[in-house]
Amino acid sequence: MTSVIVYGLVAALANVAGGYWLTSRRFRPGLRGLPYLLALGAGFMLAAVFLEVLPTTLTFWSGRAEPPLAFALSGFLLIQFFEHTVAPHFHFGEETHVDALIGRRAMVSAVGGVAIHTFFDGVTIASGFAADYRLGLLLFIAVILHKIPEGFTVSSLVLAAGRPDRSARFASLLVGAATLTGVLTVVGFGGSVRYALPFSAGVTLYVAASDLLPEVNKQHGRFISLVVFAGVALYYLTESLLAKL
Ligand SMILES: [Zn+2]
Ligand SMILES: [Zn+2]
């Protein structure tokens, strides 16, 4: 149980690291590599959902597919709701559309949308560990790959709204805390993995396909798209390494 919390804490700190990275003048040039991390994360997450999370979920439902898949659909739609219905302007990557985010309210709702998403990042990690240690590790890696870009995204939203660096860092701390809260919620309500796991599958699918891939596809050139496939390969590699443990 303590190890789950440690993994959650590492994921939360990666959010904070992203926020500090964005606001540090010295390390800022290194941020150009972040879209590649998003591409790697997207491929890894897609492979994890289809090859590990959904198959494991079905074993908890002894072959009944419809109820768990309905939970997966709910998870998918929940993130659509919070990221794009409640917060009408949100996308991964650096926020450069200053005109779209003049208002404080737009900024608050966008940061809130990300916080709901990161809460479920935490739920995903913890429900993976609740099902099986190996699945937990795989989901932790799937999530951590987009955690630094996520902290970076949320801080750039705050900067674009004209707020100081201090507020931008605070926002990354907030979404990090939401991640840890998600982990602690699952740990606290143990036994709900039958529901939490398919729900997380839907959330993960949404993050990979609707948050990360559009950002990857916005970049120029073919190479970054190939990195998505490298993410799938990385998944296979990690999985076979974990199988030997
Ligand atoms: Zn924008
Ligand atoms: Zn996330």
Side-chain angles (χ1 to χ4, degrees), residues 7-19 22 34-35 37-46 48-49 53 75-76 78-80 82-84 87-103 105-128 139-163 168 171-183 186 199-219 231:
Y7 284 113
L9 198 62
V10 172
L13 286 175
N15 276 158
V16 181
L22 178 82
L34 284 189
L37 213 50
L38 290 180
L40 206 62
F44 198 105
M45 283 175 132
L46 287 173
V49 167
V53 185
F76 191 98
L78 187 91
I79 305 300
Q80 169 69 25
F82 281 110
E83 279 185 3
H84 299 282
H89 180 93
F90 172 72
H91 54 85
F92 248 77
E94 183 163 16
E95 181 52 77
T96 45
H97 313 124
V98 181
D99 52 317
L101 276 162
I102 350 155
R105 265 181 59 199
M107 178 197 76
V108 169
S109 63
V111 173
V114 183
I116 304 272
H117 152 160
T118 61
F119 173 83
F120 286 103
D121 282 341
V123 169
T124 299
I125 294 174
S127 56
L139 287 179
F140 167 74
I141 298 168
V143 167
I144 197 92
L145 285 172
H146 81 281
K147 273 304 199 188
I148 292 179
E150 190 167 82
F152 162 82
T153 298
V154 83
S155 299
S156 77
L157 277 165
V158 175
L159 290 186
R163 316 290 293 180
S172 71
L173 199 68
L174 206 70
V175 297
T179 309
L180 199 58
T181 308
V183 171
V186 174
F199 199 81
S200 294
V203 170
T204 309
L205 197 58
Y206 188 90
V207 173
S210 184
D211 282 338
L212 307 189
L213 281 184
E215 197 57 36
V216 169
N217 295 341
K218 236 167 47 190
Q219 314 287 325

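Order of listing sets the numbers, starting from 1, for every ligand and every atom in it.
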**Study point:** Apex the Zn ion (ligand 1) - arms NE2 from H89 and NE2 from H91 - angle rounded to 10°
**Key:** 110°
Exercise for review: Grab the two heavy atoms, one from P214 and one from S210, that are nearest each other, plus how far apart they are.
Suggested key: CG-O, 3.1 Å
Point to revise | Side chain S156, main chain E95, donor-acceptor under 3.5 Å | key: yes
Check your understanding: Would you call the rings of H97 and H89 parallel, tilted or perpendicular if under 30° counts as parallel and over 60° as perpendicular?
Key -> perpendicular
Revision key, fill the gap. Looking at H97, the N/O/S atom that lies nearest to the Zn ion (ligand 1) is called ND1
Exercise for review: Look at the aromatic rings of F76 and Y206 and report parallel, tilted or perpendicular, splitting at 30° and 60°.
Suggested key: perpendicular
Study note, to complete from the structure: Residue set satisfying ring-ring contact (aromatic ring centres under 6.0 Å, His included) with F140, at least two apart, ordered chain then number -> Y7
Check your understanding: Within a strict 4.5 Å, meaning less than it, do heavy atoms of the V183 and V123 side chains meet?
Key -> no
Point to revise | Polar contact flag, side-chain donor to acceptor under 3.5 angstrom, T179-N15 | key: yes
Check your understanding: What protein atoms of element N, O or S are positioned under 2.8 Å from the Zn ion (ligand 2)?
Key -> H117 NE2, D121 OD2, H146 NE2, E150 OE2
